[in-house]
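Before any comments, here is the structure.
Just follow the structure's listing: the first ligand is 1, and inside any ligand the first atom is 1.
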Amino acid sequence: MKKRKVAILTSGGDAPGMNPCIRACVRFGLYKGLEMFGVNRGYQGLIDDEIFPMNSRSVSDIVQRGGTFLKSARCPEFRSLEYIGKAVDNLKRRGITHLITIGGDGTFRGAKDMADNFDISVIGIPGTIDNDLAYTDFTLGFDTAVNTVLWAINSLRDTMGSHDRCSLLEVMGRHCGDIALYAGICGGAEYILVPEVPYDLDAIAQSLTKARERGKTSNMIVFAEGAGDREKILSYLMEKTGVKITTTTLGHIQRGGSPTMQDRILANKFGERAIELILLGASNRVVGIRNNSIIDENVSEALQMPRKFDKKLYDLAWIMGL
Ligand code: ADP
């Protein structure tokens, strides 16, 4: 019997955990008798025919590395069926019938367009530090990103304590406040500002002033990048309280770093489920984790689910910071 041929790509923003996940897909796929291929630079590489065979050694020495050795790219052309058709032709010419895409919601939309319009099976694995996909409790890269932010909070706390400073730390997450929430509660931040929950700047100003009066001289505000106009918030709080607030923006540091244990375990389990789905003949499905169990979901349904913010954890974080 002819071996099934499977290609893997990473797309959209890179995330720690993508490398161990590529490795898991390749090694589990080979173990199950599949022929494995890599695609460089996401959908762009698929259009440009950057497809190559992979063996077990192709994924050596990447388990510990952040980023993605397959590289990632944004590819606006992939919204057009003409270009998607070109990409599918490149796969078909090699007899590749299955594709695993690791990325975020944009990547999944591209995958869906492929599987809906052409004879190709596509399985998605969630890889984004933002944790902004509703159907899964966690995405690859989120845990590593939160730990990177925690490292920054710990460092900031040292110097804040020495100089009686108030700090505002801006973290990533686009429209999702999960990085801010998880890092904030674990790092003992006094205030966590996220896009999902309205906040009362007057109350924060009053609380900052009262804290000073009580002798608490250093405070930490963790600010999610999608939570509003940072400069306006800063100047409002400084004007109201007379407290100088120093800002730190972590930026792309959060996207790198060696994947944590949690992300590597997820990478292995997601990779295993993706290959199992291919062996079952499934398509248009995305892999995830819910209540500590690995799950898979139809991609359209997954993309339509409303995202749930963990308000209970958020309320607890505020109490801890009082
Ligand atoms: P992420 O996958 O991290 O959400 P993007 O939103 O940039 O990142 O999406 C990654 C790539 O997926 C895009 O560069 C594009 O090639 C493809 N893509 C995004 N949205 C769509 C869409 N609606 N239809 C088809 N392809 C899309």
Euclidean distance, Ser207 OG relative to Arg212 CZ, rounded to 0.5 Å: 12.0 Å

Arg285/Asp296 salt bridge by N-O under 4.0 Å criterion: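 Salt bridge present between Asp296 and Arg285.
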
Proximal protein residues to ligand 1, non-hydrogen atoms under 4.0 angstrom: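 Lining ligand 1 at under 4.0 Å, by heavy atoms, one finds Ser11, Gly12, Gly13, Tyr43, Arg74, Cys75, Phe78, Arg79, Gly104, Asp105, Gly106, Thr107, Arg109, Gly110, Asp113.
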
Closest non-hydrogen atom pair, Gln254 against Met172: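 The pair with the smallest heavy-atom distance is OE1-N, 2.9 Å.
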
Aromatic contact, Tyr314 with Phe309 (centres under 6.0 Å):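 Yes, the ring of Tyr314 comes within the 6.0 Å limit of the ring of Phe309, centre to centre.
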
Tyr83 and Tyr43 aromatic centres sub-6.0 Å: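 No, the ring of Tyr83 stays outside the 6.0 Å limit from the ring of Tyr43, centre to centre.
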
Donor-acceptor pair between Asp116 and Asn284 side chains, under 3.5 angstrom: yes

